[in-house]
Number of protein chains: 2
Amino acid sequence: MSSTLAQPDAGDQPGDRSWDGGIPEATVARLPVYLRALYALAERGVTTVASDELATAAGVNSAKLRKDLSHLGSYGIRGVGYDVDYLVYQVSRALGLTQSWPVVIVGAGNLGRALANYGGFASRGFRIAALLDSDPALVGRKIGRLVVSHADELEAVVASQNVAIGAIATPAASAQAVCDRLVAAGVTSILNFAPLVLTVPDGVDVRKVDLSIELQILAFHAQRRSAARVGQLAGPAVAEA
Amino acid sequence: MSSTLAQPDAGDQPGDRSWDGGIPEATVARLPVYLRALYALAERGVTTVASDELATAAGVNSAKLRKDLSHLGSYGIRGVGYDVDYLVYQVSRALGLTQSWPVVIVGAGNLGRALANYGGFASRGFRIAALLDSDPALVGRKIGRLVVSHADELEAVVASQNVAIGAIATPAASAQAVCDRLVAAGVTSILNFAPLVLTVPDGVDVRKVDLSIELQILAFHAQRRSAARVGQLAGPAVAEA
DNA sequence: CGTCGTTTGTGAACGGATGCACAAAGTCGC
DNA sequence: GCGACTTTGTGCATCCGTTCACAAACGACG
Ligand SMILES: NC(=O)c1ccc[n+]([C@@H]2O[C@H](COP(=O)([O-])OP(=O)(O)OC[C@H]3O[C@@H](n4cnc5c(N)ncnc54)[C@H](O)[C@@H]3O)[C@@H](O)[C@H]2O)c1
Ligand SMILES: NC(=O)c1ccc[n+]([C@@H]2O[C@H](COP(=O)([O-])OP(=O)(O)OC[C@H]3O[C@@H](n4cnc5c(N)ncnc54)[C@H](O)[C@@H]3O)[C@@H](O)[C@H]2O)c1
């Protein structure tokens, strides 16, 4: 399962039915996985793929895959499958990846540097517009192809490059303040790495990546397994009612 | 993830009341958030908290919080709230954080180094048992308090330190092989950063952290917002050629 | 041109998660 | 000791996502 069900978070008003994008959140979260699988197939020279194979490659059930894709339109051919290139295009378009999104990263510490150094974003529709830090000792330093700019330039960068997505890689203590500045500057999508719950106005989308939480979820299951192996203690359950 | 979900609830008879680890997955995923909020409260000297406040701090609805906590037992006091320290203990115990889990990180690149440098894991119940890499140029190098060991030592480290959790921070091309080795060595919980779907046997738990996917999900919503702002029905899919 | 085999797209049943609303259970002041 | 007030724990209705299963749609082939 599932780290990635859907992130319950920023403003999701029930009355927000204005333009129903029509694609369920759970589906949106899986489209990038399909896209990755499709790229892998295309690179191997595969031109057509059936839902079964694609589903296997993406690690999901084929009925789910078909239902997911059906939300984008009817792009399959019965009796044959899906045209890989065409589906790549359609999924990309649905996700809004026909353009390259500029992203600003705030915080050039361990994590911010790793992100800035990562080459994989460019090929997936993202471009690092700036890497910002408030520490003067870091400003001007080269990280990969980027130079660290001072955090004061946040508003200028967002405005001049029309940045819609920001990543927060600062310590938790400064994260809310950074978030507020991003929002004030016009950023409406935020990827948060700091271990706290950000508060944002309606209309701003926050997703969090919290590695400690992921480990703790793993720990829960690990504990459950090892307790089960020991057996009796909390064990068999079921049986009587 | 995928296959690992099948395991949990094989026998879930209505009316079983014994204390099985029967905590819903969605609840497990939120417990770490509650725990973090509780620690923050404790640090501020708060000794007692009502579900409303804690829920706000954790960014959830209070009914959900109470229902989540009710799965651990009945640890609240009606008319008062929850004792912060006691709840910290109970949530920690439920998550299996009364012990410190050794974690092995495979891949000492950008991401692996950031993880190894991160000080926040220790306080949350985890200890980096080893940082491994196959690149001889990296072996022996100091990262924070750790020294990079050669990937060949994976099995030895897992065995000697009884490692149950592994993090994969290698390129996608080597990730499945590394995963197989971890599983063979006895690791049953894996945190995967490489952008591919790992295949694991039943009984092994995989969680993925995929930053590109997170960004792509944000891009989807950002696109949706900006399309809505432009106004009318710039109907993305629809038109049936 | 019709039949056959294949695969899509989806209706419908199911199950889990969410949130409301309230009775039960407890505290606190007097 | 008692009544008023607070807050928990949960039954219930609802919603969302998953999965099954199958008819409709399509290509291939004779
Ligand atoms: N490194 C990891 O593996 C890891 C793991 C889990 C969580 N996190 C979280 O990610 C965040 C970043 O982690 P890190 O290891 O990179 O921390 P870090 O301390 O190495 O880097 C933080 C950087 O943010 C900068 N900064 C602080 N306040 C700022 C502000 N107001 N504006 C701009 N820059 C500011 C600091 O100068 C520093 O360079 C933290 O919240 C951390 O808890 C990191
Ligand atoms: N850095 C990021 O911000 C970022 C973002 C998204 C995804 N990722 C993913 O995380 C993974 C790691 O990213 P990175 O930037 O650290 O990559 P990297 O190339 O900097 O580091 C990978 C490291 O893994 C080592 N390695 C390769 N094969 C190995 C093996 N079989 N055993 C042990 N070590 C091996 C390499 O020597 C290298 O040091 C990649 O899969 C990447 O796609 C990284």
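Keep in mind that this is a model prediction, so the values were computed, not measured. Order of the sequence lines sets the chain letters (A, B, ...), proteins ahead of strands, with each chain counted from 1.
When rounded to the nearest whole Å, the span between CG of A/Leu87 and C1' of C/dT8 equals 13 Å. Rounded to an integer number of Å, the gap from B/Leu69 CG to D/dT7 C1' is 13 Å. Straight-line distance from the NZ atom of A/Lys64 to the C1' atom of C/dG15: 13 Å, rounded to whole Å. Between B/Leu65 atom CG and C/dT18 atom C1' there is a gap of 13 Å when expressed in whole angstrom units. One atom, CG of B/Leu72, and another, P of D/dT10, lie 12 Å apart when rounded to the nearest Å. Separating the CZ atom of A/Arg30 from the C1' atom of D/dC16 is a distance of 11 Å, rounded to the nearest angstrom. Residue A/Asp68 contributes atom CG, which lies 14 Å from atom P of C/dT8 at whole-angstrom precision. Rounded to an integer number of Å, the gap from A/Leu54 CG to C/dT6 P is 20 Å.
Among C/dA12, C/dT18, D/dC20, the nucleotide with an atom closest to any side-chain atom of A/Asn61 is D/dC20. Considering only the side chain of A/Lys67, C/dA12 comes nearest among C/dA12, C/dA17, C/dG9.
Side-chain contact between B/Val187 and B/Ile165: absent, with no pair of heavy atoms (C-beta onward) separated by less than 4.5 Å.
The stretch residues 46-53 of chain B touches DNA chain D through B/Ala50, B/Ser51, each having a heavy atom under 4.0 angstrom from the strand.
A/Tyr82 has no side-chain polar atom (N or O) that falls below the 4.0 Å cut-off from OP1 or OP2 of D/dC26.
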Please report the C-alpha distance between B/Glu43 and B/Tyr39 in whole Å, then the side-chain angles of each, then the deciding distance to 0.1 Å, and finally whether the side-chain hydrogen bond (donor to acceptor under 3.5 Å, both in side chains) criterion is met.
CA-CA 6 Å; B/Glu43 234 156 74; B/Tyr39 274 125; over 6 Å; no
Report the C-alpha separation of A/Phe220 and B/Leu31 in whole Å, then their side-chain angles, then the decisive distance to 0.1 Å, and conclude whether the side-chain contact (heavy atoms from CB on, under 4.5 Å) test is met.
CA-CA 10 Å; A/Phe220 171 82; B/Leu31 289 179; 5.6 Å; no
Before you tell me yes or no, could you show the steps for A/Ser189 and B/Arg225 under side-chain hydrogen bond (donor to acceptor under 3.5 Å, both in side chains), namely the whole-Å CA-CA distance, both residues' side-chain angles and the distance that decides it to 0.1 Å?
CA-CA 10 Å; A/Ser189 299; B/Arg225 266 191 301 272; 2.7 Å; yes
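Using a 30° and 60° split on the angle between ring planes, B/Tyr89 and B/Tyr86 fall in the parallel class, below 30°.
Judged by distance alone, the side chain of A/Arg207 and the main-chain N or O of B/Ile217 form no donor-acceptor pair under 3.5 Å. With hydrogens and angles ignored, the 3.5 Å screen pairs a side-chain donor or acceptor of A/Gln223 with a backbone N or O of B/Arg93.
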Can you build the contact string for nucleotides 22-30 of chain C? Use B for base contact, S for sugar-phosphate-only contact, and - for no protein heavy atom under 4.0 Å.
--BBSS---
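Across all strands shown, A/Thr27 has no heavy atoms under 4.0 Å from either base or sugar-phosphate atoms.
Residues satisfying the salt bridge (Lys or Arg N to Asp or Glu O under 4.0 Å) test with A/Arg66, not counting sequence neighbours, are none.
Distance OG1/A/Thr48 to CG/A/Asp85: 9.0 Å, rounded to 0.5 Å.
Across the interface with DNA chain D, nearest-nucleotide mapping of A/Pro24 and A/Ala63 shows A/Pro24 to be the residue nearer the 5′ end.
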